[in-house]
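Some notes on the structure that comes next.
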Amino acid sequence: MKICFTLQVSVLDFLTQETLKENSSQFPATPRNQVKDSSTKKLEVKFDSDRTKQLLENVLQANEQPLPMTAVAKRLGYAKRVLYRHFPKLCRAISAEYVKYMKESRIKRIEHCCEEVKQAVSQVHTEGIYPSEAAISRLLAKPGCFRDKKVRAALRAVRR
C-alpha cells in the first residue's frame, strides 16, 4: 500500500501490469520524515501514581456492582499488568471483591431457579402431568437451570 501511494498507482495496476512507467515528475519523492513507520515508537502514557492509587481505592470502596480488573484498567486507561505492577494489593483486593460478588450472584441465581422449579412442579402436578425435566423446563424462564446439580436435586426432592 505504501509503494502504491508513493508511486500514485492503484493496487490493481501495481499487481497486474508488467511494467510501470517511470516518470520522475509524476512520482515525486516523499521525504523520509513524512513516511510513517508503525514500529518506530509506541504511544507513551504518563503514569500518575497518586491519582491512579486514589481511583483504585475509590473503585474498591464503591457501593456499586464490583467490576473485574480488566474493566477497571480499561476505565482508567492503563493496561491491567501496569496496575498490578504498581499496586498489587489494591488490584488483588478489587479482584477478590469481584470473585466474591460472582459467587454470591451464582448462589442467588441457583436459589431463584430452585424456587421457580418448585412452583412449576406444583403447577404441572395440579394439571395431572408427570413433572419431568422436559415438562418443567418448558415453564421456566431459563430452561438451562437444569445444568446445575442443585437444581436437578431440588426437582427430585419436590417430586418425592
Side-chain angles (χ1 to χ4, degrees), residues 1-6 10-16 34-160:
M1 295 295 285
K2 288 181 181 180
I3 293 171
C4 292
F5 177 76
T6 304
S10 70
V11 177
L12 182 64
D13 290 341
F14 182 75
L15 294 174
T16 58
Q34 287 185 2
V35 177
K36 293 182 181 178
D37 187 11
S38 62
S39 64
T40 56
K41 275 191 174 181
K42 289 185 178 179
L43 179 64
E44 291 185 25
V45 177
K46 300 273 184 180
F47 187 76
D48 186 2
S49 181
D50 295 331
R51 180 181 160 273
T52 306
K53 183 177 181 179
Q54 184 63 38
L55 290 172
L56 286 173
E57 288 172 349
N58 290 346
V59 167
L60 189 59
Q61 295 171 359
N63 290 331
E64 49 190 60
Q65 176 181 342
L67 298 172
M69 266 312 294
T70 51
V72 171
K74 185 179 268 189
R75 184 181 279 185
L76 296 179
Y78 295 109
K80 183 173 80 168
R81 68 174 175 234
V82 171
L83 295 176
Y84 267 99
R85 187 181 317 130
H86 290 280
F87 309 106
K89 290 181 182 177
L90 279 173
C91 293
R92 276 190 240 117
I94 290 170
S95 293
E97 284 293 317
Y98 179 70
V99 168
K100 179 182 167 188
Y101 169 76
M102 292 304 289
K103 285 180 181 179
E104 289 173 356
S105 65
R106 181 179 183 272
I107 290 169
K108 288 179 184 176
R109 186 176 62 247
I110 289 172
E111 289 173 354
H112 177 73
C113 285
C114 289
E115 285 299 316
E116 200 174 358
V117 165
K118 289 175 186 176
Q119 291 173 0
V121 167
S122 65
Q123 180 184 348
V124 168
H125 182 69
T126 56
E127 295 173 3
I129 302 172
Y130 178 75
S132 65
E133 266 189 39
I136 300 301
S137 66
R138 284 188 218 113
L139 299 175
L140 298 178
K142 295 182 180 180
C145 289
F146 282 117
R147 291 184 194 139
D148 194 275
K149 292 178 184 178
K150 292 180 181 178
V151 177
R152 287 194 306 266
L155 175 64
R156 284 191 298 267
V158 174
R159 279 184 196 157
R160 288 185 213 144

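Quick caveat, the model's predicted, so the values are computed rather than measured. What you see below is based on every heavy atom in this structure, not just the backbone, and it leaves out hydrogens, waters and symmetry mates.
Residue C145 holds its SG atom at 7.5 Å from NE2 of H112, rounded to the nearest 0.5 Å. Rounding to the nearest 0.5 Å places CD1 of I94 at 14.5 Å from NZ of K89. Rounded to the nearest 0.5 Å, atoms CD (Q119) and CG (L140) are 10.0 Å apart. With rounding to the nearest 0.5 Å, the separation of CE in M69 from CD in E97 is 13.0 Å. Distance check, rounded to the nearest 0.5 Å: SG of C113 to CZ of F146 gives 9.0 Å. Put simply, CG on L55 and CZ on F87 are 9.5 Å apart, with the number rounded to the nearest 0.5 Å.
Minimum interatomic distance between R152 and R147 (heavy atoms only, all atoms of both residues): NH1-O, 3.3 Å. In terms of heavy atoms, A135 sits closest to Y130 at CB-O, 4.0 Å. Shown here for P131 and V121, the closest heavy-atom pair between the two residues is CB-CG1, 4.1 Å. The minimum heavy-atom distance linking T52 with Y78 is given by the pair OG1-CE1, 3.5 Å. Minimum interatomic distance between L139 and E116 (heavy atoms only, all atoms of both residues): O-OE2, 4.4 Å. Across every non-hydrogen atom of A154 and C114, the tightest pair is CB-SG, 3.7 Å.
More than 12 heavy atoms of other shown residues, nucleotides or ligands fall within 6.0 angstrom of atom CZ in R159. The environment of CG in L15 is crowded: more than 12 heavy-atom neighbours from other residues, nucleotides or ligands sit within 6.0 Å.
For E111 and K108, the salt-bridge test fails: no basic side-chain N is under 4.0 Å from an acidic carboxylate O.
Each of L90, V59, L60 was checked for a side-chain contact (heavy atoms from CB on, under 4.5 Å) with V72, and the lone residue meeting it is V59.
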Open item on the list: Please determine whether side-chain hydrogen bond (donor to acceptor under 3.5 Å, both in side chains) holds for the pair D50 and Q54, giving the CA-CA distance in whole Å, both sets of side-chain angles, and the decisive distance to 0.1 Å.
Closed with: CA-CA 6 Å; D50 295 331; Q54 184 63 38; over 6 Å; no
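H125 is not listed as a side-chain neighbour of V158, based on a closest heavy-atom distance of 4.5 Å or more. For the pair L56/L76, a side-chain contact is recorded, criterion being any heavy-atom separation below 4.5 Å from C-beta on.
Residues meeting the side-chain contact (heavy atoms from CB on, under 4.5 Å) test with K150, sequence neighbours left out: I110, D148.
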